[in-house]
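Each residue takes its place number in the sequence, starting with 1. In what follows, every heavy atom counts, from backbone to side chain, and hydrogens, waters and symmetry copies are set aside.
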Amino acid sequence: MAGRILLVDDDPELRAIMNRLLCCGGYKVAEAQDGETALALMETQAFDVVIADQALRGGLEGTALLGHHNRIAPHKGRILLTGHVSEQLVKICRAIRALYLAKPCTFEQLKAKIEAFSLGAHRRRCAT
């Protein structure tokens, strides 16, 4: 199970619900309401998984934020939440090594994506 999660969404109600569910699921969660706050947190803390909404307020989209996380922590997990899945977005997610999840989604779907990173990390450790 991935331990530390950064949750980035500009909807405070959705962020609060997701935080509560993730914490009840055994994860340690930090929150950011925008990309700039998330970048600052990523510079001072390590996260096993970053979950970001694509449409964030401010000048930074979720894909740009996750791309930065890919550069500073390439072996960690990234999940993009989006209301609009497109071929272009899927290609970007592949390039930044992120999974994507169409909104609305269930907590079980989100948890499965988070656990996919833990399983992948376990397989990489076992292969070396």
Side-chain angles (χ1 to χ4, degrees):
M1 177 184 296
R4 295 209 21 93
I5 294 177
L6 175 57
L7 176 59
V8 188
D9 199 303
D10 54 12
D11 181 336
E13 292 176 12
L14 180 60
R15 207 172 54 243
I17 292 168
M18 290 177 64
N19 186 338
R20 202 170 316 120
L21 289 169
L22 290 166
C23 287
C24 288
Y27 301 99
K28 295 176 184 165
V29 181
E31 291 184 32
Q33 65 186 11
D34 55 47
E36 291 74 19
T37 304
L39 285 174
L41 287 169
M42 283 192 269
E43 294 302 321
T44 60
Q45 300 177 45
F47 296 100
D48 298 302
V49 177
V50 175
I51 302 169
D53 187 24
Q54 171 62 2
L56 296 171
R57 290 189 183 110
L60 195 62
E61 291 184 332
T63 50
L65 177 67
L66 296 179
H68 176 74
H69 186 252
N70 183 46
R71 288 186 295 280
I72 65 171
H75 299 296
K76 299 296 181 175
R78 285 160 292 285
I79 300 171
L80 181 72
L81 300 176
T82 180
H84 307 286
V85 178
S86 67
E87 283 187 47
Q88 181 65 21
L89 193 63
V90 171
K91 288 178 185 178
I92 292 170
C93 285
R94 280 192 203 117
I96 61 174
R97 294 185 217 153
L99 299 178
Y100 65 89
L101 193 54
K103 289 167 59 173
C105 63
T106 66
F107 178 67
E108 289 76 21
Q109 291 170 319
L110 180 60
K111 188 176 176 186
K113 296 280 186 186
I114 294 168
E115 290 175 353
F117 288 113
S118 298
L119 180 59
H122 173 71
R123 286 183 179 154
R124 283 192 299 273
R125 281 194 301 272
C126 292
T128 56

Measure the spacing between [atom1] of [X] and [atom2] of [Y] and express it to the nearest 0.5 Å.
| X | Y | atom1 | atom2 | answer |
| --- | --- | --- | --- | --- |
| Leu66 | Ile96 | CG | CD1 | 5.0 Å |
| Asp53 | Met18 | CG | CE | 8.5 Å |
| Thr106 | Lys111 | OG1 | NZ | 11.0 Å |
| Ile17 | Leu7 | CD1 | CG | 11.5 Å |
| Arg78 | Leu80 | CZ | CG | 11.5 Å |
| Asp9 | Gln54 | CG | CD | 11.5 Å |

Checklist line | side-chain contact (heavy atoms from CB on, under 4.5 Å) partner of Val50, the single match among Met42, Lys76, His68 | finding: Met42
Note to self: Exactly one of Leu14, Ile5, Val29 should register a side-chain contact (heavy atoms from CB on, under 4.5 Å) with Asn19. Which one does?
What the structure shows: Val29
Nearest non-hydrogen partners of [X] and [Y], listed with the distance:
| X | Y | answer |
| --- | --- | --- |
| Gly3 | Asp48 | N-OD2, 3.1 Å |
| Ala52 | Gly62 | CB-CA, 4.3 Å |
| Asp10 | Ala55 | OD2-O, 3.4 Å |
| Val8 | Ala38 | CG2-CB, 3.6 Å |

Next item on the list: Applying side chain to side chain contact (heavy atoms under 4.5 Å, CB included), run through Ile51 and Ile114 and close with a yes or a no.
Entry: CA-CA 9 Å; Ile51 302 169; Ile114 294 168; 3.9 Å; yes
Checklist line | Crowding at CD, Gln45 (>12 non-hydrogen neighbours, <6.0 Å) | finding: yes
Note to self: Check for me, please, whether Leu6 and Ile79 land in the same ILVMFWY cluster - side-chain distances under 4.5 Å, paths through other members count.
What the structure shows: no
Next item on the list: Verify salt bridge (charged side-chain N to carboxylate O under 4.0 Å, His left out) between Lys103 and Asp11, making sure each step is shown before the conclusion.
Entry: CA-CA 13 Å; Lys103 289 167 59 173; Asp11 181 336; over 6 Å; no
Next item on the list: Flag the pair Asp34 / Leu56 as yes when at least one side-chain heavy-atom distance between them is below 4.5 Å, and no otherwise.
Entry: no
Checklist line | Student check: side-chain heavy atoms of Tyr100 and Val85 closer than 4.5 Å | finding: yes
Item checked: Donor-acceptor pair, side chain of Arg71 and main chain of Gly67, under 3.5 angstrom -> yes
